[in-house]
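A single structure is presented below for examination.
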Amino acid sequence: MATGKAIFVACHFWGQLDKAERYGMEALCRYARFNVVFIYLLAAETQDLPEAVRRWSEQIEYDEENTARLIRACGRAPSSIL
């Protein structure tokens with residue numbers, strides 16, 4: 001089950017690579033790191049990795065504008081944050 005969730009998350013990030021020209025690779029890398037940290041911390045808090053991925057997906061997967069806003073914000077975030 002956890003492997004399937006990891007593949008789902010990896011596929012989401014892979015799907016964002018076409019946005020590298022628009023946002024820059026550094027912004028995409030930060031976006032990926034922030035999302036992984038979110039999932040990790042939520043899973044640690046709830047002891048439920050599938051639920052952590054579901055909650056992340058609920059915010060990201062179904063709202064492309066939300067994804068775009070987050071990538072732009074990651075591009076503006078100081079590199080020292082993460």
Side-chain angles (χ1 to χ4, degrees):
M1 177 69 132
T3 302
K5 296 293 182 181
I7 291 170
F8 172 78
V9 173
C11 286
H12 172 75
F13 294 130
W14 179 262
Q16 303 308 312
L17 289 177
D18 65 333
K19 297 176 181 167
E21 189 173 323
R22 185 178 327 149
Y23 300 110
M25 191 53 102
E26 183 60 32
L28 291 179
C29 289
R30 286 183 194 159
Y31 170 74
R33 286 192 301 266
F34 280 123
N35 280 281
V36 169
V37 167
F38 172 83
I39 293 167
Y40 175 80
L41 291 174
L42 187 57
E45 173 72 21
T46 63
Q47 298 297 303
D48 190 350
L49 177 60
E51 176 62 14
V53 173
R54 188 198 67 74
R55 285 174 147 182
W56 165 82
S57 175
E58 188 176 80
Q59 295 300 312
I60 299 299
E61 188 69 16
Y62 303 109
D63 185 350
E64 272 299 311
E65 184 54 34
N66 192 24
T67 301
R69 281 191 296 270
L70 290 170
I71 294 171
R72 284 192 302 270
C74 288
R76 294 186 300 266
S79 60
S80 61
I81 287 180
L82 188 63

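This chain uses plain numbering: 1 for the first residue, then up along the sequence.
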Atom of C74, atom of A27 and distance for their closest heavy-atom approach: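 Nearest heavy atoms, C74 then A27: CB-O, 3.6 Å.
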
Kindly indicate whether the side chain of I71, heavy atoms from C-beta on, has any atom under 4.5 Å from the side chain of R22.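 No. Closest side-chain heavy atoms not under 4.5 Å.
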
What do the steps show when you test R54 against E51 for salt bridge (charged side-chain N to carboxylate O under 4.0 Å, His left out), and what is the final call? CA-CA 5 Å; R54 188 198 67 74; E51 176 62 14; 2.8 Å; yes

Taking all non-hydrogen atoms of both residues, which atom of A52 and which atom of I39 are closest, and how far apart?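 Answer, listing the atom of A52 first, then I39: CB-O, 3.7 Å.
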
How long is the gap from OH on Y23 to CZ on R76, to the nearest 0.5 Å?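 The CZ atom of R76 is 10.5 Å from OH of Y23, to the nearest 0.5 Å.
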
Indicate yes or no for a side-chain donor-acceptor contact from S57 to the backbone of V53 under 3.5 Å, with no hydrogens or angles considered.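 Absent.
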
What's the spacing between E26 CD and L28 CG if we round to 0.5 Å?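 The distance works out to 9.5 Å.
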
Atom CD of residue position E21 - does it have more than 12 heavy atoms of other residues, nucleotides or ligands inside 6.0 Å?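 Not buried by this count: 12 neighbours or fewer within 6.0 Å.
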
Euclidean distance, R55 CZ relative to E58 CD, rounded to 0.5 Å: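 If we round to the nearest 0.5 Å, E58:CD and R55:CZ are 8.5 Å apart.
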
Kindly give the heavy-atom pair with the smallest separation between K19 and T67, and that separation in Å.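 Smallest interatomic distance, heavy atoms only, reads NZ-CG2, 4.2 Å.
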
